K.L.:
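Following this message is one structure expressed as structure tokens.
These numbers come from a predicted model, not from an experiment. The first residue of the sequence shown is numbered 1, and numbering continues consecutively from there.
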Amino acid sequence: EAAVRALQLGRAVYARLCHGDAGTALVPLSSIQPGDTVQVLQGEQFPCDGTIVSGTAEASEALLTGEDAPVAKHVGETVMGGSLLVAGGPVTVRSSSSASSSTMARIAEIAQMAMHTKPRLQTLADAIAGKFVFGVMGTSLATGITWLALDSLDSALQHAASVLVVACPCALGLAVPVAAAVALSYAPRLGLLVRNADILDVCNRVTAVIFDKTGTLTIPPAVQRVLPLASNYNEAQSIAIAVELARLSTHPVSRAISRLETPSQAKVTIADSNTVTARGIRGSVSLAREGKSVPVALGSLKFMKELGVDVNTEERNFVSIDSHDAPLTFLAIEGKLACVFELTESLDPAARSVVSLLQRRASVRMASGDREAAAARVAAAVGIPQELVTASMTPDQKRLLVKSLQDQGEIVMFVGDGINDAPALAQADVGVAAAGGADLALQHAPVSLLSGGIAGVSRLVEISSASLHAMKRSMALALAYNIIGIPAAAGLLAPLGLAISPGVAAIAMTASSVAVLQSSLFLHVTLARLK
């Protein structure tokens with residue numbers, strides 16, 4: 001429980017609430033609500049999740065993500081409640097959550113709930129321990145009767161009592177939960193949030209791994225260039241429409257487009273918006289010169305075709321879509337292609353090593369909603385065979401892929417980050433949501449990566465392997481003690497000169513419990529090396 005208490009006690013108690021010209025006032029953290037503005041000074045914690053509205057700073061998110069290096073924060077960027085302002089400041093933050101729903105509060109709550117779940121091995125150990133108690137009682141009774149027949153009442157009572165005292169079902173009961181608690185409490189320090197202790201066991205039995213592409217195997221994309229096409233609208237106006245549409249989505253591509261700068265005179269307002277998962281966004285926009293509301297859409301090639309938009313770019317003297325490897329996103333206005341956004345997509349630095357590690361344990365696939373050419377390029381770069389790559393997939397198709405593998409007897413891990421990955425994350429035996437992903441993805445995944453990149457997937461595998469090894473080692477130690485101790489206490493080893501009195505049995509029982517606890521707690525040392 002120490003890690004959970006560290007999260008709970010590490011939270012700020014008060015916040016500096018801004019009152020405009022009246023300055024700031026210290027108020028209880030519980031009184032902060034979404035929309036409030038707070039001031040944070042150097043050396044203080046950010047009291048809530050929010051967006052910086054003035055000032056620059058460097059924030060340490062080590063308590064939340066496990067990353068020691070401070071992160072630069074500027075105006076317009078988000079901060080997490082519980083991170084520490086280590087340099088710069090003061091900064092003013094507009095709260096996006098209450099204290100009880102902040103990132104830190106949710107992590108603490110999930111970690112607390114995880115502590116009350118049981119891995120499969122613990123269920124087995126509990127079942128053995130339950131039957132073990134009755135077995136020991138029966139063995140003690142049989143021992144007493146046997147020694148009464150062979151020797152005296154005094155000898156019978158001594159051996160029967162020794163059997164009862166030396167037997168240690170508590171060692172069996174402690175072996176697994178202590179190791180699981182150590183792993184679950186250490187996971188947040190390594191940038192992992194595990195919602196269920198059983199995941200530690202299932203991870204070791206995974207036989208198939210499926211990766212999403214955009215924002216998972218690749219880092220969040222950025223717009224490389226905007227390619228205006230024949231249209232009645234100028235480039236600035238087209239970009240402004242695209243930016244406003246993109247702000248209505250959490251997809252990594254939409255986030256990249258939403259960061260583009262638009263001239264103030266080109267600002268527009270989107271009405272009647274509708275997001276089509278894994279396809280795009282459509283809506284309507286009122287333009288003064290048109291005097292009417294016109295339909296607009298931003299999304300993939302497939303989405304444009306579904307809307308009946310002419311996407312034959314070769315007729316517009318533009319590069320062929322099907323042979324273009326760079327991720328492309330299209331903007332249509334009034335049913336006509338207005339411009340194309342070409343994005344750069346770089347591999348996550350850890351992608352190749354993570355895929356290589358997992359390929360030694362399981363088959364690794366890619367399931368992407370992107371075009372085949374873009375998916376094939378990334379797959380080749382990380383070492384995933386082309387026959388295990390599926391492109392242009394809808395959210396339900398990803399879920400069905402997971403289910404089909406499960407129907408074949410595979411134990412499936414799915415790693416993704418977007419809303420379109422939520423069904424597959426929920427279907428998979430182990431769902432891993434990448435950091436910075438959509439809230440819906442995070443809610444459906446039993447494992448969340450708290451820090452950027454997918455290096456956390458390697459740490460998840462290593463934690464699972466180390467914890468399972470610690471559980472088995474502790475259980476073996478507890479079983480070996482009882483297998484040797486009970487016959488010795490019953491007098492079966494007396495011909496070898498090994499006899500145990502009730503006093504020695506009590507010492508041995510205590511020593512066995514301490515040894516099993518230390519064996520499980522030694523997992524701390526192993527996990528510390530993963531930092």
K.L.:
What is the minimum heavy-atom distance between R459 and L192, and which atoms define it?
P.N.:
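So the two residues come closest at C-CD1, 3.9 Å.
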
K.L.:
Tell me every residue that passes side chain to side chain contact (heavy atoms under 4.5 Å, CB included) with P34, counting only those two or more places apart in sequence or in another chain.
P.N.:
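For P34, the residues satisfying side chain to side chain contact (heavy atoms under 4.5 Å, CB included) (neighbours in sequence not counted) are S98.
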
K.L.:
Can you give me the closest heavy-atom contact between G55 and V91, atom names plus distance?
P.N.:
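In this case the closest contact between G55 and V91 is C-CG1, 3.7 Å.
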
K.L.:
Would you call C48 and V38 a side-chain contact if the rule is heavy atoms closer than 4.5 Å?
P.N.:
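The answer is yes; the side chains approach within 4.5 Å.
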
K.L.:
Answer whether the closest heavy-atom distance between the side chains of V253 and F341 falls below 4.5 Å.
P.N.:
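SC-SC contact between V253 and F341 ruled out.
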
K.L.:
Ignoring hydrogens, what is the shortest heavy-atom contact between A256 and L343? Give both atom names and the distance.
P.N.:
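The answer is CB-CD2, 3.8 Å.
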
K.L.:
Which pair of heavy atoms, one from I219 and one from P349, lies closest together, and at what distance?
P.N.:
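Scanning both residues, the minimum pair turns out to be CG2-CD, 4.1 Å.
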
K.L.:
Applying salt bridge (charged side-chain N to carboxylate O under 4.0 Å, His left out), run through D36 and R94 and close with a yes or a no.
P.N.:
CA-CA 6 Å; D36 286 346; R94 180 173 293 109; over 6 Å; no

K.L.:
Can you find a pair of side-chain heavy atoms, one from I241 and one from I333, that are under 4.5 Å apart?
P.N.:
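Counting from C-beta outward, I241 and I333 do come under 4.5 Å.
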
K.L.:
For K403, enumerate each residue passing the salt bridge (Lys or Arg N to Asp or Glu O under 4.0 Å) test, keeping only those at least two apart in sequence or located in another chain.
P.N.:
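Result, salt bridge (Lys or Arg N to Asp or Glu O under 4.0 Å) vs K403: D407.
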
K.L.:
Is there side-chain contact between V430 and V432, with heavy atoms separated by less than 4.5 Å?
P.N.:
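Yes; the side chains approach each other to less than 4.5 Å.
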
K.L.:
Give me the atom names and distance for the closest heavy-atom approach of K213 to S368.
P.N.:
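Heavy atoms only, the tightest pair is CE-OG, 3.5 Å.
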
K.L.:
Heavy atoms, side chains only, cut-off 4.5 Å: are V447 and L460 in contact?
P.N.:
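V447 reaches L460 side chain to side chain.
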
K.L.:
List the steps and the verdict of side chain to side chain contact (heavy atoms under 4.5 Å, CB included) for V206 and R361.
P.N.:
CA-CA 8 Å; V206 165; R361 296 166 169 262; over 6 Å; no

K.L.:
Restricting to non-hydrogen atoms, name the atom on A455 and the atom on V354 that form the minimum distance, rounded to 0.1 Å.
P.N.:
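That closest heavy-atom pairing would be CA-CG2, 4.1 Å.
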
K.L.:
Tell me whether the count of non-hydrogen atoms from other residues, nucleotides or ligands lying under 6.0 Å of CD in Q386 goes above 12.
P.N.:
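Buried by this count: over 12 neighbours within 6.0 Å.
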
K.L.:
For E244 and R247, run salt bridge (charged side-chain N to carboxylate O under 4.0 Å, His left out): C-alpha distance rounded to whole Å, both residues' side-chain angles, the deciding distance at 0.1 Å, then the answer.
P.N.:
CA-CA 5 Å; E244 291 305 315; R247 286 174 178 168; 2.9 Å; yes

K.L.:
Between F330 and V309, is the side chain to side chain contact (heavy atoms under 4.5 Å, CB included) condition met? List the steps.
P.N.:
CA-CA 10 Å; F330 305 86; V309 177; over 6 Å; no

